[in-house]
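These notes are about the structure you will find just below.
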Amino acid sequence: MRFSKLFIPTLKEEPAEAEIISHKLLFRAGMVRKVASGVYSFLPLGFKVLKKIERIIREEMDAIGAQEILMPALQPSEIWVESGRWSEYGPEMWRVKDRNDRDFCLGPTHEELVTSLVMGEVRSYRQLPQTFYQIQMKFRDEIRPRFGLMRAREFLMKDAYSFNADLEDLERSYTDMDRAYTRIFQRCGFNFRSVEAASGLIGGKVSREFMILAESGEDTVFYCDSCDYAASADVATTRLIEPPKEAARPTIKVSTPGKKSVTEVSAFLGVPQEKLVKTLVYRFEDSIAAVLMRGGREVNESKLSAILGTTRFHLLGEGEFREVDLVPGYVGPVGLREGVRLIADDEVALLTNFVVGANEEDAHLKDVNIGVDFQVEEWGDLKLAEEGEPCPQCAGGKLLSAKSIEAGHIFQLGTRYSEAMGASFVAENGERKPYIMGCYGIGVSRMVAAAIEQYHDDAGILWPVSIAPFEIEIVPLKWDDGAIRKTAEELYEGLLAKGIEALLDDRSESPGKKFADADLIGIPVQIIIGPRSIVSGNAEIKVRSTAERSEAPIADAVDESVRILKNLFRAIAGE
RNA sequence: CGGGAUGUAGCGCAGCUUGGUCAGCGCGCCUGCUUUGGGAGCAGGAGGCCGGCGGUUCAAAUCCGCCCAUCCCGACCA
């Protein structure tokens, strides 16, 4: 492709709006333009990257036998009412009406649609398993779109759905996907980690996220420094250290005037934080839940959400305590009023003779014990993991954390949708059974931004070869010079003949402008032809990512640059 | 939703406090000449309902009100 024939509106100055580096560079390199908050157009260069990523995804999906289809973005409300998500999904769902006032939405995801498609067609276990995928725009009216393509309201997603006859079959589809995803992220050149994840609203139990490591990431992952344990912050846990057991002492009430927080009470009573149990009160729907947590620990609200079965809950505000007849700062499990759902973090089970709120103003209870002073019906892991804590999987390992960008997520869904929608098949024994489903997503447009977050320098983008918009760029420094032009044209033809995706900067711009643009758009290999080259007979080859420069006789420049390019591909493949 | 900020030429900004030759600068764009190894120089030029609506005033980019858009922060850890 010739630069002059491509619309690449590069900018010298960065847009005031952009906050993170990928957003700035996508804009400056002329790859995207904003249409509205969280809504973007892809320009030719940006679209090429998108297509390169899509191609890798298609190859890996096809390789595991997933079949590409295309479902509509526009979906009728009926199927969402059937699954129960028309009301569950909330304002994030983009709802629209047709001229006859019928409700539709712009699909935020496609479980309902694909289930309704399959249930009409796939009737027998003989037709299973089936896995479908599509690459399509998704619509989510995010609370706060931000960071350009990173959190957009309209974005490109690859979503896949497997329909399986039983759990073992689902396991196979899921494992295939897991491997395909790993290959996709490897081939795109990402530094990523696959981690245990929470399932959230979508349902199901087993799920893994594919996290691209980047400082600007909105998510946190924890991983072990000595084994392969890795989990998103939503589900990460830690090995509990059991404190020495003490014989239960009789409870005594102590006066703690004005001392409410764990640190205050701990200091005031001279009791270590680890011997305090705090009682956090949440309101959800029309109920109240109290969470018992060891002092010094934080509640992981994702874990709580999974237990409560809703994301709509909040910690009680100062004013709300009176309404529900509780004493702020002094709530405790002993003598807790009726009607409060008590959930304890499993670490609390290890404690003896601890301190809790007394459910009255300015007082705490000391030497409290479970089973003696109160009972707990509901236990769970509700802790927020922290860096440096012991690994839950191996002995001696420590948890490290990193910021990351969620780029892929795979779920074993089970029958959440098939049951709700009455989608079933006839099994081998003649019984009707709901499909066992899995769903598998990749944020394709987000990957474009994530790649830049991971690969850039002060001058611009450093595309991994596999997803770069072009593979080799020829930079003739003086286009109006006949010898330079002729040389550049010959190199260009030579590269094209070898099937290389080559970009020829055939503009009559100054050398400075051409260098700057080439570095900005980040094509992995540059061949520079200037007056010097004509004198010396050597072309200069520069690797964008490492800034390594080498010289090659012009006659060999095609072969040499292709050799360098192949090496870059091999580096990504880990060879 | 709550809080903060911004909106002036395609992009980046100044001007607003102290209403009145304040419609300005840089980049980009157009024309011509000269240039060409890290965003060239000179000369000339085009381009703006100063986010929208309403108000105050003899007079509004500037003061007031409402609205819209965009960006940032936050979701209360007893």
Side-chain angles (χ1 to χ4, degrees), chain A residues 9-20 23-24 27-28 30 33-39 90-92 141-148 151 256 258-266 273 276-283 290-301 304 311-321 326-332 345 355-359 361-362 364 382-384 458-460 475-481 484-485 505 507-520 526 528-536 539-540 542 547 549:
Chain A
T10 58
L11 300 172
K12 196 185 287 188
E13 280 170 301
E14 52 193 37
E17 276 172 359
E19 196 64 23
I20 62 171
H23 191 187
K24 289 176 182 171
F27 218 88
R28 284 223 296 131
R33 286 294 182 264
K34 188 173 74 170
V35 175
S37 178
V39 182
E92 206 177 288
D141 196 357
E142 293 282 347
I143 304 178
R144 183 144 92 89
R146 60 179 134 180
F147 301 150
R151 183 167 295 279
T256 49
K259 310 298 179 193
K260 297 183 175 187
S261 70
V262 166
T263 32
E264 286 168 347
V265 174
S266 163
Q273 289 198 5
L276 264 59
V277 170
K278 56 186 176 184
T279 309
L280 279 356
V281 186
Y282 288 85
R283 182 194 285 275
V291 172
L292 294 187
M293 180 66 58
R294 196 203 76 186
R297 290 228 184 255
E298 306 291 325
V299 168
N300 183 329
E301 294 197 343
L304 181 58
T311 54
R312 288 176 212 168
F313 58 85
H314 64 274
L315 207 59
L316 239 52
E318 197 65 31
E320 288 177 280
F321 280 87
L326 292 168
V327 191
Y330 300 95
V331 182
D345 177 64
V355 174
V356 299
N359 290 313
E361 205 71 48
D362 298 334
H364 279 78
L382 290 163
K383 289 170 295 298
L384 195 68
D458 291 345
V475 188
L477 296 179
K478 200 173 169 183
W479 185 247
D480 299 327
D481 179 303
I484 291 175
R485 182 193 296 221
D505 192 347
R507 300 172 302 165
S508 302
E509 296 286 355
S510 70
K513 165 96 171 154
K514 289 190 165 192
F515 281 131
D517 276 348
D519 287 348
L520 178 59
Q526 300 171 4
I528 297 154
I529 303 293
R532 283 183 207 166
S533 319
I534 301 304
V535 174
S536 68
E540 185 176 320
K542 177 180 156 190
R549 291 159 189 274

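Side-chain N/O atoms of A:E509 and base N/O atoms of B:G39 include no donor-acceptor pair closer than 3.5 Å. Side-chain N/O atoms of A:E14 and base N/O atoms of B:G12 include no donor-acceptor pair closer than 3.5 Å.
The listed nucleotides are B:G26, B:C72, B:G37; the one nearest the side chain of A:E19 is B:C72. Of the candidates B:C76, B:G39, B:G26, the closest approach to any side-chain atom of A:T10 belongs to B:G39. The side chain of A:R28 lies closest to B:G39 when the candidates are B:G39, B:C77, B:G37. With B:C77, B:G37, B:G12 as the choices, the nucleotide that has an atom nearest any side-chain atom of A:L280 turns out to be B:C77. The nucleotide whose nearest atom lies closest to any side-chain atom of A:E17 is, among B:C72, B:G12, B:C71, B:C71. Of the candidate nucleotides B:U70, B:A40, B:C27, B:U70 has the atom lying nearest to any side-chain atom of A:S37.
A sub-4.0 Å separation between OP1 or OP2 of B:C71 and a side-chain N or O of A:R146 is absent.
Of the possible polar contacts, none joining the A:D345 side chain to the A:L292 backbone as a donor-acceptor pair under 3.5 Å is found.
With a 6.0 Å cutoff to the six-membered ring centre and a 45° limit on the axis angle, A:R33 counts as a cation-pi contact of A:F27.
Spacing between B:C11 and B:C58 at atom P, rounded to whole Å, works out to 38 Å.
Checking A:G512 against A:K278, the closest nucleotide of RNA chain B that is more toward the 5' end is the one next to A:G512.
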